[in-house]
*Asks:* 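Got a structure for you, questions after.
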Amino acid sequence: MFCFLFRGNNQMKMTQGRLFAGLILHTKKKKKSKTAAKTTIPTSSPTTKKGAKEEPQEVWKWWEEEKAEGGVKWTFLEHKGPVFAPKYEPLPDEIKFYYDGKVMRLSEETEEVATFYAKMLDHDYTTKEVFNNNFFKDWRKVMTPEEKKKIKDLKKCNFRDMCEYFKQESEKRKNRSKEEKLKLKEENAAKQEEYGFCIMDGHREKIGNFRIEPPSLFRGRGEHPKQGMLKRRVQPEDVIINCSKDSKIPEPLKGHKWKKVQHDNEVTWLASWTENIQGQIKYMMLNPSSRLKGEMDWKKYETARCLHKCVDKIRANYQEDWTSNEMRVRQRAVAMYLIDKLALRAGNEKEEGETADTVGCCSLRVEHISLHNEKDGKSNVVEFDFLGKDCIRYQNAVPVEEQVFKNLQMFMENKAPGDDLFDRLNTTILNKHLQELMEGLTAKVIRTYNASRTLQEQLDLMTNDDDAVPAKMLSYNRANWAVAILCNHQRAAPKNFSKQMENLMSKIKDKRGQVKEAKKQLKEAKAAFKSEKTQKNKMVYEKKKMAYKRLEEQLTKLEVQATNKEENKEIALGTSKLNYLDPRISVAWCKKWEVPIEKVYNKTQREKFRWAIDMATADFRF
DNA sequence: ATGCAAACTTAGGACCGACCAC
DNA sequence: GTGGTCGGTCCTAAGTTTGCAT
């Protein structure tokens with residue numbers, strides 16, 4: 001039996017009506033009705049300064065209702081369809097394109113595609129040969145025969161004028177008057193209001209992406225063989241609409257038709273179209289704050305929690321398989337170990353030449369690891385160096401159990417660097433096996449499980465009762481950091497990082513000086529008060545004490561900031577926070593240690609994790 | 001098994017506007 | 001006001017998983 005039960009968890013049932021630092025839940029009554037469990041949560045908080053009062057909203061507590069059966073995702077769905085990219089506006093006449101040094105007037109379509117390139121002129125992409133070749137090839141496809149005849153060499157094309165024009169335009173946009181900005185903002189809000197929401201099962205829910213991707217040049221990551229290709233404009237004729245039969249069907253643009261209108265309530269998407277670069281389907285779906293997404297997120301973490309109950313058995317199981325007579329079983333067992341220990345992704349096969357060359361566990365090649373009997377005083381060290389998702393480099397040297405080491409040696413025997421390490425394994429085989437060990441178990445669940453476990457363990461380990469909130473937050477961020485390291489969530493170091501760091505350090509130096517001075521003054525005031533116990537001396541002493549304390553707090557804050565900054569230079573904490581860490585762990589931590597939830601989650605994150613914020617008590621354990 | 005389509009999650013970078021120091 | 005920084009949002013690419021056809 002699948003161990004996940006939406007209604008069966010005590011931890012979750014005991015939650016309502018509790019007070020929580022910074023967030024008061026005005027729950028009327030425990031309601032378990034199938035209809036509406038609504039309540040008002042004033043989301044304003046002591047930390048929201050500048051009087052940015054947030055409107056108290058009606059909150060639908062979908063997590064207190066019964067979940068629909070089977071594959072049915074909704075019973076009623078109405079929306080207005082996607083918003084299409086605005087149509088192309090030709091450049092003003094004075095903005096010229098030059099070919100081979102001479103002005104050349106381009107047809108509208110040719111000009112449009114040229115502007116895509118011009119807009120990227122200062123980007124690294126346009127220095128890449130693959131990008132340029134792909135662009136030029138696709139650009140020529142939209143040219144008129146005459147243009148095609150003339151424009152034969154990208155190097156002879158001069159887009160500078162166009163590029164400068166766009167820079168000017170963006171500058172203009174920035175310098176618009178207050179009124180203009182406000183007007184634009186309102187127009188945007190109106191569009192969001194009209195197209196950005198749908199009605200699903202009686203509730204107005206926010207859509208995640210209601211705008212269709214505009215035409216552009218494809219920006220693949222890393223050495224993508226298709227970078228620079230033209231991503232064509234999507235028309236209503238490309239779009240499938242998914243909604244209720246009995247809903248008001250969205251209107252296509254005037255003079256256009258939808259590709260199809262369907263009413264499939266076993267999927268979550270509202271509209272879809274096929275993109276022309278990779279032939280993949282793109283979807284318009286709901287925002288993470290929606291019931292549909294929230295329910296699935298909740299379920300994801302419940303599956304991961306299920307794993308905790310059988311993880312020991314599973315680990316013992318794969319360790320035993322390290323010595324199996326069957327090669328495929330050994331490979332499977334070693335792969336499971338790597339996924340478990342290093343939180344590697346499953347690693348599907350990819351079609352060569354269609355995408356960048358990246359790998360995950362099952363698709364590792366011999367060239368991606370090297371074995372060291374001895375390294376840095378440790379034995380049986382495996383050194384990994386490969387490009388993972390989004391071409392993020394994974395570099396790690398880890399000591400492993402001797403049997404794993406021996407197995408890896410064996411898997412590499414008589415193989416070329418470009419050969420698969422696990423030649424008898426793929427993600428389908430692996431996931432099939434995992435499914436047999438626990439219902440709902442896949443490689444991804446193991447990553448989620450270890451990420452969330454790590455957060456909980458690190459929080460247990462690092463949080464000090466007597467710390468003030470900022471120090472507690474440092475502990476939290478470090479726990480979060482440990483997860484980001486585990487999952488290899490990297491980011492490009494912010495530009496000017498070293499300069500910013502220097503500035504911060506000099507600020508700290510100044511502050512240290514101030515603290516020292518304040519301490520000296522405090523000492524003097526104390527001595528003065530001791531020798532002469534006048535009211536005035538007492539006042540001065542108290543004042544100095546306060547000043548000293550304040551400065552010291554400021555110094556600590558700066559130092560914490562510096563530590564955080566340095567540690568997070570190339571580490572992204574957001575990805576794990578949003579996708580891997582059971583929010584109830586964080587909520588429970590906040591409640592237990594009286595840290596306002598706003599310190600951990602910003603407004604958007606609080607909307608996404610509303611279910612967890614409402615549900616988890618201080619004693620929640622993952 | 002193997003290939004492929006579909007649907008959904010996960011991911012980093014671009015972009016934008018609020019805020020801050022000068 | 002100006003210019004820089006920062007956090008948040010937007011954007012869409014790139015993964016995983018499952019189910020179906022061959």
Side-chain angles (χ1 to χ4, degrees), chain A residues 49-50 52 71 73 119-120 123-125 170 173-176 181 184-185 188 192 208-214 216 218-222 224 226-227 231 240 242 264 266-269 272 274-275 277-288 292-293 296-297 299-300 345-351 354-356 358-363 387-392 426-432 434-435 440-448 451 484 487-492 494-497 499-500 503-504 507 561 565 570-580 601-605:
Chain A
K49 23 180 190 179
K50 311 271 176 285
K73 303 293 197 316
K119 282 176 184 167
M120 294 177 74
H123 199 286
D124 246 9
Y125 273 114
S170 109
R173 232 172 299 138
K174 267 184 228 153
N175 295 332
R176 274 183 297 227
K181 276 185 183 169
L184 238 62
K185 205 173 164 183
N188 236 316
Q192 160 87 35
N209 55 323
F210 63 91
R211 282 175 215 276
I212 287 207
E213 298 168 17
S216 65
F218 178 70
R219 293 153 100 113
R221 317 249 165 93
H224 196 116
K226 296 192 172 184
Q227 63 188 94
K231 195 168 80 173
I240 302 175
N242 195 40
D264 182 355
E266 299 208 342
V267 295
T268 65
W269 53 270
S272 75
T274 302
E275 151 269 350
I277 304 283
Q278 326 234 40
Q280 283 171 348
I281 309 169
K282 301 265 188 166
Y283 302 92
M284 170 162 117
M285 284 181 182
L286 294 188
N287 185 273
L292 214 52
K293 293 286 184 186
M296 295 209 270
D297 211 29
K299 185 168 154 187
K300 172 181 80 183
R345 296 189 186 83
N348 288 299
E349 296 114 300
K350 301 170 76 184
E351 204 163 346
E354 295 291 300
T355 57
T358 63
V359 297
C361 186
C362 294
S363 51
L387 295 182
K389 181 176 177 179
D390 291 324
C391 289
I392 297 296
N426 61 39
T427 53
T428 312
I429 298 171
L430 178 70
N431 279 333
K432 211 157 253 159
L434 294 176
Q435 193 64 237
L441 186 61
T442 63
K444 180 166 102 70
V445 175
I446 301 177
R447 206 167 133 92
T448 308
C487 296
N488 199 38
H489 290 143
Q490 299 186 27
R491 61 164 186 174
K495 54 177 186 224
N496 304 328
F497 179 85
K499 178 122 187 289
Q500 289 172 27
N503 290 345
L504 193 53
K507 259 194 203 168
Q561 210 185 327
K565 201 180 175 75
E570 289 175 305
I571 302 297
L573 301 186
T575 305
S576 48
K577 196 187 253 190
L578 236 45
N579 301 300
Y580 287 98
Y601 292 134
N602 68 28
K603 188 167 164 250
T604 318
Q605 293 163 343

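All chains are named by letter (A, B, ...) in the order of the sequence lines, taking the proteins before the strands, and each is independently numbered beginning at 1.
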*Asks:* OP1, OP2 of B:dA18 versus side-chain N and O of A:Lys185: anything below 4.0 Å?
*Replies:* yes

*Asks:* Would you check if there is a donor-acceptor pair between the side chains of A:Tyr580 and A:Arg447 at a distance under 3.5 Å?
*Replies:* yes

*Asks:* Provide a list of protein-nucleic acid N or O atom pairs under 3.5 angstrom, restricted to nucleotides 1-5 of chain B.
*Replies:*
none

*Asks:* What is the distance from CD of A:Gln280 to C1' of B:dT9, rounded to the nearest Å?
*Replies:* 14 Å

*Asks:* Between A:Lys282 and A:Glu213, does any side-chain N to carboxylate O distance fall below 4.0 Å?
*Replies:* yes

*Asks:* Return the value, rounded to whole Å, for the distance between atom NZ of A:Lys300 and atom C1' of C:dT16.
*Replies:* 12 Å

*Asks:* Without decimals, in angstroms, what is the distance between A:Leu286 CG and B:dA7 C1'?
*Replies:* 14 Å

*Asks:* Considering just the side-chain nitrogens and oxygens of A:Lys181, establish if one lies under 4.0 Å of OP1 or OP2 belonging to B:dC16.
*Replies:* no

*Asks:* What is the nucleic acid contact for A:Gln278, judged by heavy atoms within less than 4.0 Å: base, sugar-phosphate only, or nothing?
*Replies:* sugar-phosphate

*Asks:* Can you name the nearest heavy-atom pair linking A:Cys391 to A:Leu387, along with the distance?
*Replies:* O-CD2, 3.7 Å

*Asks:* Mind checking ring pair (Phe, Tyr, Trp, His ring centres under 6.0 Å) for A:Phe210 and listing every partner two or more places apart, or none if nothing turns up?
*Replies:* none

*Asks:* Write down the distance between NZ (A:Lys174) and P (C:dG1), rounded to a whole number of angstrom.
*Replies:* 18 Å

*Asks:* In whole Å, what is the span from the CG atom of A:Asn431 to the P atom of C:dG19?
*Replies:* 12 Å

*Asks:* Among C:dT12, B:dT9, C:dT17, which nucleotide sits nearest the side chain of A:Met285?
*Replies:* B:dT9

*Asks:* Between A:Lys603 (NZ) and C:dG8 (P), how many Å, whole number?
*Replies:* 11 Å

*Asks:* Kindly write out the residues that satisfy side-chain hydrogen bond (donor to acceptor under 3.5 Å, both in side chains) with A:Lys389, not counting sequence neighbours, or none if the list is empty.
*Replies:* none

*Asks:* A:Tyr283 has a side chain; which of C:dT17, C:dC11, B:dA7 sits nearest to it?
*Replies:* B:dA7

*Asks:* To the nearest angstrom, how far is A:Asn348 atom CG from C:dT18 atom C1'?
*Replies:* 11 Å

*Asks:* Look at A:Thr355 and C:dA14 and indicate whether a side-chain polar atom (N or O) is within less than 4.0 Å of OP1 or OP2.
*Replies:* no

*Asks:* Have a look at A:Ser272 and say if it touches a base, only the backbone sugar-phosphate, or nothing, with a 4.0 Å heavy-atom cut-off.
*Replies:* nothing

*Asks:* Does A:Gly347 reach a base, just sugar-phosphate, or nothing at all? Heavy atoms under 4.0 Å.
*Replies:* sugar-phosphate

*Asks:* Would you kindly give the CG-to-P distance between A:Leu578 and C:dG7, to the nearest whole Å?
*Replies:* 16 Å

*Asks:* Please check the phosphate of B:dT9 (OP1 and OP2 only) for any side-chain N or O of A:Lys293 closer than 4.0 Å.
*Replies:* yes

*Asks:* Do other residues, nucleotides or ligands put more than 12 heavy atoms under 6.0 Å from A:Lys432 NZ?
*Replies:* no

*Asks:* Under the side-chain hydrogen bond (donor to acceptor under 3.5 Å, both in side chains) rule, what do A:Thr442 and A:Asn431 come out as? Steps first, then yes or no, please.
*Replies:* CA-CA 5 Å; A:Thr442 63; A:Asn431 279 333; 4.8 Å; no

*Asks:* Considering residues at least two apart in sequence or located in another chain, which fulfil the side-chain hydrogen bond (donor to acceptor under 3.5 Å, both in side chains) criterion with A:Asn287?
*Replies:* A:Ser289

*Asks:* On DNA chain C, check which nucleotide each of A:Leu441 and A:His224 is closest to and give me the residue with the more 5' one.
*Replies:* A:His224

*Asks:* Taking side-chain hydrogen bond (donor to acceptor under 3.5 Å, both in side chains) as the test, write out the residues that go with A:Thr358, two or more places apart.
*Replies:* A:Lys350

*Asks:* Side chain of A:Lys73 only, heavy atoms from C-beta on: which candidate in C:dT17, B:dC8, C:dA13 is closest?
*Replies:* B:dC8

*Asks:* Starting at the 5' end of DNA chain C and moving along, which residue's nearest nucleotide shows up first, A:Lys231 or A:Gln192?
*Replies:* A:Gln192

*Asks:* What is the nucleic acid contact for A:Pro214, judged by heavy atoms within less than 4.0 Å: base, sugar-phosphate only, or nothing?
*Replies:* sugar-phosphate

*Asks:* Counting only N and O atoms by type, is there a donor-acceptor contact under 3.5 Å from the side chain of A:Asn209 to the main-chain atoms of A:Tyr283?
*Replies:* yes

*Asks:* Report yes if at least one side-chain N or O of A:Lys444 is closer than 4.0 Å to OP1 or OP2 of B:dT10; otherwise report no.
*Replies:* yes

*Asks:* May I ask you to decide whether A:Glu275 forms a salt bridge with A:Lys231, counting only side-chain N to carboxylate O separations under 4.0 Å?
*Replies:* no

*Asks:* Can you give me the N/O atom pairs linking the protein to nucleotides 11-15 of chain B at distances under 3.5 Å, or say none if there are none?
*Replies:*
{"residue": "B:dA11", "atom": "OP1", "partner": "A:Arg345", "partner atom": "NE", "Å": "3.4"}
{"residue": "B:dA11", "atom": "OP1", "partner": "A:Arg345", "partner atom": "NH2", "Å": "2.7"}
{"residue": "B:dA11", "atom": "OP1", "partner": "A:Arg447", "partner atom": "NH2", "Å": "2.8"}
{"residue": "B:dA11", "atom": "OP1", "partner": "A:Tyr580", "partner atom": "OH", "Å": "2.9"}
{"residue": "B:dA11", "atom": "OP2", "partner": "A:His489", "partner atom": "NE2", "Å": "3.1"}
{"residue": "B:dA11", "atom": "OP2", "partner": "A:Tyr580", "partner atom": "OH", "Å": "3.2"}
{"residue": "B:dA11", "atom": "O4'", "partner": "A:Lys389", "partner atom": "NZ", "Å": "3.4"}
{"residue": "B:dG12", "atom": "OP1", "partner": "A:Gln490", "partner atom": "N", "Å": "3.3"}
{"residue": "B:dG12", "atom": "OP1", "partner": "A:Gln490", "partner atom": "O", "Å": "3.3"}
{"residue": "B:dG12", "atom": "OP2", "partner": "A:Thr575", "partner atom": "OG1", "Å": "2.8"}
{"residue": "B:dG13", "atom": "OP2", "partner": "A:Ala492", "partner atom": "N", "Å": "3.2"}
{"residue": "B:dA14", "atom": "OP1", "partner": "A:His123", "partner atom": "NE2", "Å": "3.3"}

